[in-house]
Amino acid sequence: MESELVGSVRLDRVVKWHGPHCVLDAVSLEVKQGEFFSILGPSGSGKTTLLRIIAGFDRPNAGRVLIQEQPLDDLPPHQRPVNMVFQHYALFPHLSVWKNVAFGLERRRIARAEVIRRVTEALHMVRLETKGNRFPHELSGGEQQRVALARALVNRPQVLLLDEPLGALDQQLRQAMQGELKRIQEQVGITFICVTHHQEEALSMSDRVAVIDQGRVLQIGSPHELYESPASMAVAQFIGLSNCLHGEVVCTNGTLCTFQVPELGTFLVPKPHGRLPQGTATFMLRPERIRLLREPSSSHGENMLAATVQTVRYSGGELQYQIALSPHIVWTARLPIESKWYEPFHPGERLTVSWDTHEGLILAS
Amino acid sequence: MESELVGSVRLDRVVKWHGPHCVLDAVSLEVKQGEFFSILGPSGSGKTTLLRIIAGFDRPNAGRVLIQEQPLDDLPPHQRPVNMVFQHYALFPHLSVWKNVAFGLERRRIARAEVIRRVTEALHMVRLETKGNRFPHELSGGEQQRVALARALVNRPQVLLLDEPLGALDQQLRQAMQGELKRIQEQVGITFICVTHHQEEALSMSDRVAVIDQGRVLQIGSPHELYESPASMAVAQFIGLSNCLHGEVVCTNGTLCTFQVPELGTFLVPKPHGRLPQGTATFMLRPERIRLLREPSSSHGENMLAATVQTVRYSGGELQYQIALSPHIVWTARLPIESKWYEPFHPGERLTVSWDTHEGLILAS
Amino acid sequence: MSFPSWPLIPALVVLIAFFLVPLLIMTGISFVSRGPYGGIEWILTWENYVRLADPLYWHIFIRSVGLAVATTLICVVLGFPLAYLMARSSPRVQYLLICLVLIPFWTNFLVRTYAWMFLLRADGLVNTTLRTLGLSDHPVELLYTPWAVLIGLVYGYLPFMVLPLYAAIERIAPSLEEAARDLYATGWAVFTQVVLPLAKPGLVAGCVLVFVPSLGAFITPHLLGGGQTMMIGTLIQHEFLVVRDWPFGAALSLVFMATVLLILLLWLKRQEAMWRTL
Amino acid sequence: MSFPSWPLIPALVVLIAFFLVPLLIMTGISFVSRGPYGGIEWILTWENYVRLADPLYWHIFIRSVGLAVATTLICVVLGFPLAYLMARSSPRVQYLLICLVLIPFWTNFLVRTYAWMFLLRADGLVNTTLRTLGLSDHPVELLYTPWAVLIGLVYGYLPFMVLPLYAAIERIAPSLEEAARDLYATGWAVFTQVVLPLAKPGLVAGCVLVFVPSLGAFITPHLLGGGQTMMIGTLIQHEFLVVRDWPFGAALSLVFMATVLLILLLWLKRQEAMWRTL
């Protein structure tokens with residue numbers, strides 16, 4: 001449909017100052033209709049301020065926010081077609097789960113029968129049909145999170161804003177809720193804009209992710225794009241683990257270039273996209289693309305370096321090695337344990353690090 | 001050395017009641033000298049009570065705690081050779097970092113010069129040499145955690161108790177601190193007893209782990225033992241992800257048995273250790289031991305089942321699939337992405353699930 | 001707790017001695033006779049309680065309750081915005097406002113009451129201003145009326161309303177107000193649906209702290225109300241200081257206290273029921 | 001905040017009207033002359049402040065300060081264990097103890113003071129008990145002494161010490177006390193090194209709340225101290241009610257308030273310095 005190409009939410013050079021500090025520096029981005037869009041950044045990057053500006057709690061110093069191409073300008077929060085899931089849920093402690101969810105409908109003077117129908121539906125969607133009479137403090141963290149979600153979704157906003165929606169949950173619950181949130185988003189088809197500092201969360205739930213830092217958008221793209229083709233070292237280091245080397249890149253014709261590191265010698269890397277950063281550049285390799293070999297065995301299309309194991313971290317299905325290529329260069333390698341008979345390397349052991357030449361990436365320094 | 005075989009800490013049938021509720025039900029365990037020992041359990045399993053009994057804040061209703069074979073009995077907390085790192089650090093907010101760390105030494109009336117020497121040393125160990133004049137509220141979460149560690153270690157206890165030491169930190173910091181904690185433990189050589197509900201933390205840091213639930217020890221073993229040979233389904237499900245099937249096991253001679261699931265047919269499983277659970281049993285397989293194949297390709301020593309992809313979760317270096325073996329049986333498979341050219345399966349796609357027969361495990365139901 | 005418990009024993013003794021003994025003594029005194037020159041004589045009697053049946057005392061009591069209720073309501077209306085302002089200000093401004101609210105406590109209560117007398121007198125500041133401005137040619141009667149007592153009581157007890165309300169509102173996370181705004185609540189709806197119900201403990205505490213002492217007040221009604229406006233507090237004062245009839249004063253005071261307790265308990269119960277249905 | 005700000009304007013007006021105007025009026029009155037039949041005459045004069053040079057007034061002032069300091073110290077000693085007990089009890093017991101501490105507020109202050117008079121009189125309960133037990137053959141002089149005033153003041157203001165201390169101690173995480181125990185602190189060390197420094201804001205608030213009103217108290221010294229023990233509060237009361245010299249009373253009251261403020265500021269400064277070196 002044509003309408004789906006129109007940005008559901010568009011931010012146009014939004015600027016926000018807190019005193020002398022520039023929180024948002026001309027941020028522009030466009031979120032598509034029905035998309036799960038995440039804004040990923042460290043704390044203090046301005047991501048929560050961005051969400052609060054869309055919700056109407058903060059006013060930008062310059063720039064505009066448009067929903068369905070309608071500028072929101074000075075509309076107060078209670079007149080915007082968006083709803084928010086707050087960081088610590090902000091459930092009303094004096095109201096039952098049912099009353100919490102019905103709050104928005106009752107404020108809009110929706111007919112009683114309709115309120116009952118929609119609250120029932122919303123509680124069903126978050127699987128809390130039986131807990132309508134409970135109070136927030138009687139619920140677990142995950143249940144509170146789902147009440148917050150139902151309370152916002154019951155109003156059928158055009159856009160749902162989520163501020164660190166899973167931030168207060170522990171690891172196991174967080175993973176379960178990631179699936180749940182994605183399921184609900186696909187079910188209701190509403191645009192979700194989710195702010196998080198948790199990269200795994202952003203990658204596993206989102207259609208697209210904007211990485212922001214110090215009030216600037218560093219890159220916008222699908223999780224796969226961000227992971228496999230980060231635009232800069234900052235993005236690479238924020239999304240997943242990454243190993244890097246600083247050196248000189250020399251390109252001739254063909255799809256491969258030569259990368260030279262003073263301490264380690266030379267190896268082949270794929271030709272970078274766009275302009276060639278001649279001279280100093282950074283080489284980046286993801287830890288799960290590394291193979292560790294007891295004996296160097298030459299194979300076509302692979303680079304090889306000698307290394308020493310420093311530490312081994314066991315986490316059930318996976319081993320994480322710290323391996324020293326030189327006294328100053330330590331890489332991380334993640335290896336799944338694919339068999340219970342697998343014999344791990346020991347700290348101090350000498351081995352060969354190997355990787356497919358095409359898995360490396362050259363970034364401007 | 002002979003002395004290393006003596007249990008550094010020994011709990012002898014410790015029982016604790018809170019009113020009508022049995023928190024600890026005859027817990028016995030032995031921690032070796034210099035070991036990093038974790039007590040892993042869900043909240044409410046009694047693990048914190050266990051730690052408080054060793055520290056002397058709670059009295060057991062029956063049973064004894066011995067350190068170096070000396071029963072502690074009614075010794076008050078300030079006379080026990082143990083120190084504790086509290087869950088939310090419990091740093092004294094009115095004292096500087098230096099004063100916090102020096103607190104224990106000053107209470108024991110250690111000479112001024114010695115206090116200065118040891119506090120300097122302890123702050124150096126946790127890399128906070130420059131922050132001695134700060135106050136706790138001026139530090140980040142990770143720094144507070146390290147002050148709490150230094151404050152306990154400076155007293156050179158025989159045993160260090162840690163109550164969810166990394167529980168208040170976020171994901172990235174938590175992983176960094178896991179390595180740090182392990183480094184410090186190896187450096188000082190003190191016995192660490194760490195209580196946590198976070199399985200990855202317990203696996204990656206500990207020499208041995210005790211899994212407890214509802215006041216009972218379920219299993220004690222190395223991280224590798226717990227992951228590869230859980231004693232029960234409860235342990236398997238608490239340590240890492242696990243896929244399971246309920247069915248009938250039929251053993252004849254040899255190292256393999258036959259496992260029959262009504263909906264799926266039969267496949268081969270390794271012979272269980274110890275007594276054979278004839279009749280109904282549970283089959284368990286770890287998610288990273290599963291291979292997903294587009295075409296069924298028969299290979300020796302492998303089991304194969306047909307399945308359909310339900311959902312795909314991307315998290316950078318890894319894909320997590322939910323795959324339906326039947327409408328009621330859904331397994332999880334974890335596959336590392338070893339190449340940027342890897343083409344993932346899509347939801348709805350039919351495929352073949354395969355695994356080495358030796359990777360399965362039979363547990364009593 | 002591992003804290004030693006021996007310092008707590010004297011604490012309990014003090015608590016009982018200080019807080020229960022005077023009460024028991026007064027109960028005892030209320031059942032004996034008045035001595036010929038004041039004081040008491042050890043003759044057991046119900047007489048003091050029988051005398052309370054006189055409707056005169058109940059008229060005074062009802063008038064006092066009415067005035068105390070009015071004082072409480074005015075304190076709520078004035079105190080709530082003030083407390084909200086304090087709770088939502090920056091820490092610096094909060095500190096300043098608390099100091100401002102507490103200023104009156106730094107001066108003698110009597111002196112402050114006289115300041116009001118000076119304001120409200122026939123030749124006082126208010127009347128002088130009115131006359132100078134030509135708004136009135138004969139003095140408006142302000143002092144020695146129930147209105148003067150009301151102003152004095154509100155003035156005296158407003159801080160007792162503001163401080164618990166402030167403490168309660170300060171605990172309400174601002175994100176709850178934002179959530180309400182986000183869920184289509186107008187400013188008034190945010191107040192009635194979120195702030196007011198959540199400030200309830202502070203509101204109830206404030207009401208009790210204003211109602212009880214303003215019901216028993218005797219200096220303010222005596223000075224600002226003059227002889228015309230006899231209140232329960234001034235009546236008790238009269239019995240003790242002027243008539244020197246301790247037993248009757250004690251009986252009066254106990255019955256009055258019991259009634260207040262009863263009223264308050266009923267009110268708290270009703271409050272609870274009301275909040276529950278809200 | 002997105003909350004509308006218009007209800008806050010009357011709040012500010014009330015704050016200024018109620019809390020500053022009486023103060024300004026009293027300042028004005030203190031600079032004019034006394035009228036022939038009490039009241040005031042509009043003649044500007046320093047006279048009221050000059051009269052304060054009389055050492056008589058400063059003796060009374062110093063005696064009052066001494067008594068207020070003693071009251072504060074006794075309240076600290078009695079109130080701390082009580083507040084600690086309250087803060088570390090189960091919520092149910094906490095509620096009960098708070099009610100117990102607040103009981104006196106439910107009875108008229110005058111009535112409670114008379115209960116003390118009855119206890120301490122020559123033919124009162126204490127002396128009667130002593131005589132009956134044969135411990136003393138002539139009555140011990142208790143009433144109308146500074147000791148009686150001290151007891152009455154401690155009794156009256158102890159809750160003002162207990163409540164802020166309770167609030168402060170309740171905020172101290174019990175895990176801090178456990179951490180101190182774990183770090184080799186004895187019970188006394190836990191108290192002096194952890195509980196006391198962390199309860200400091202409550203302690204300071206309690207001291208101010210007890211010291212200031214007990215310094216200005218006039219009913220308790222009047223009733224329990226008799227004519228012998230003239231205090232600053234009874235002096236001001238005397239000027240206003242008996243002598244009817246408002247201007248001098250106002251000057252007395254203002255100078256006294258300024259001095260108290262000065263003492264307190266110096267004390268708070270010293271406290272701060274002391275705590276910092278601890």
Side-chain angles (χ1 to χ4, degrees), chain B residues 19 48 51-58 75-96 99-110 115 119 122 133 135-137 144 147-157 159-164 168, chain D residues 76 80 83-85 87-94 164-208 267-278:
Chain B
T48 296
L51 210 65
R52 292 175 57 85
I53 284 174
I54 301 174
F57 296 126
D58 285 347
L75 271 189
H78 64 284
Q79 290 172 14
R80 296 190 174 206
V82 303
N83 283 111
M84 185 143 163
V85 175
F86 286 79
Q87 184 161 13
H88 298 286
Y89 319 137
L91 298 179
F92 303 122
H94 60 299
L95 298 179
S96 66
K99 285 266 176 191
N100 262 283
V101 176
F103 191 93
L105 301 175
E106 284 174 354
R107 294 290 83 64
R108 288 194 293 168
R109 316 218 174 282
I110 306 278
V115 170
V119 171
N133 292 323
F135 281 82
H137 65 91
Q144 290 183 20
V147 174
L149 201 61
R151 188 178 67 171
L153 284 175
V154 77
N155 303 296
R156 296 181 187 156
V159 181
L160 186 75
L161 307 174
L162 302 106
D163 189 3
E164 300 275 5
Chain D
V76 169
F80 211 107
Y84 187 85
L85 179 73
R88 291 289 185 254
S89 300
S90 66
R92 215 187 179 77
V93 176
Q94 272 185 34
L165 265 179
Y166 156 76
I169 295 171
E170 214 222 344
R171 286 187 182 191
I172 304 173
S175 68
L176 291 180
E177 288 174 41
E178 289 182 349
R181 303 282 295 173
D182 187 56
L183 295 164
Y184 315 106
T186 58
W188 177 248
V190 173
F191 175 71
T192 56
Q193 303 296 315
V194 177
V195 178
L196 195 60
L198 289 174
K200 178 194 149 194
L203 188 64
V204 170
C207 285
V208 171
W267 179 72
L268 287 173
K269 267 258 150 62
R270 222 189 116 232
Q271 281 298 307
E272 226 171 277
M274 208 182 85
W275 291 109
R276 218 178 285 136
T277 59
L278 213 82

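First the proteins, then the strands, lettered A, B, ... as listed; each starts at 1. If you're wondering where the values come from, they're calculated on a predicted model, not measured in any experiment.
For Leu91(B), the part lying near chain D is the backbone, with the side chain staying farther off; criterion is any non-hydrogen pair under 4.5 Å. The contact between Ala189(D) and chain B is made entirely by side chain atoms (from C-beta outward), counting heavy-atom distances below 4.5 Å. Only the side chain of Leu198(D) comes within less than 4.5 Å of a heavy atom in chain B; its backbone stays farther off. Proximity to chain D involves both the backbone and the side chain of Phe92(B), based on heavy atoms less than 4.5 angstrom apart.
Nearest heavy atom pair, residue Ala180(D) against residue Val190(D), reads CB-CG2, 4.0 Å. Between Val82(B) and Ala55(B), the closest heavy-atom pair is CG2-CA, 4.0 Å. Shown here for Pro164(D) and Gly206(D), the closest heavy-atom pair between the two residues is CG-CA, 3.8 Å.
Here Leu183(D) contributes atom CG and Leu105(B) contributes atom CG; the two are 9.0 Å apart, rounded to the nearest 0.5 Å. A distance of 12.5 Å separates CG in Leu196(D) from OH in Tyr84(D), rounded to the nearest 0.5 Å.
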Between chain D and chain B: donor-acceptor pairs at under 3.5 Å:
unit_1: Glu178(D); atom_1: OE1; unit_2: Arg52(B); atom_2: NH1; d: 2.8
unit_1: Glu178(D); atom_1: OE2; unit_2: Arg52(B); atom_2: NH1; d: 3.2
unit_1: Glu178(D); atom_1: OE2; unit_2: Arg52(B); atom_2: NH2; d: 2.7
unit_1: Arg181(D); atom_1: O; unit_2: His78(B); atom_2: N; d: 3.4
unit_1: Asp182(D); atom_1: O; unit_2: Asn83(B); atom_2: ND2; d: 3.1
unit_1: Asp182(D); atom_1: OD2; unit_2: Met84(B); atom_2: N; d: 2.7
unit_1: Tyr184(D); atom_1: OH; unit_2: Asn83(B); atom_2: OD1; d: 3.0
unit_1: Gln193(D); atom_1: O; unit_2: His94(B); atom_2: NE2; d: 2.8

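Phe80(D) is linked by a ring-ring contact (aromatic ring centres under 6.0 Å, His included) to Phe191(D), counting only residues two or more places apart in sequence or in another chain.
Taking 4.5 Å as the limit, some side-chain heavy atom of Leu149(B) sits within range of a side-chain heavy atom of Leu160(B). The closest side-chain heavy-atom distance from Cys207(D) to Val76(D) is below 4.5 Å.
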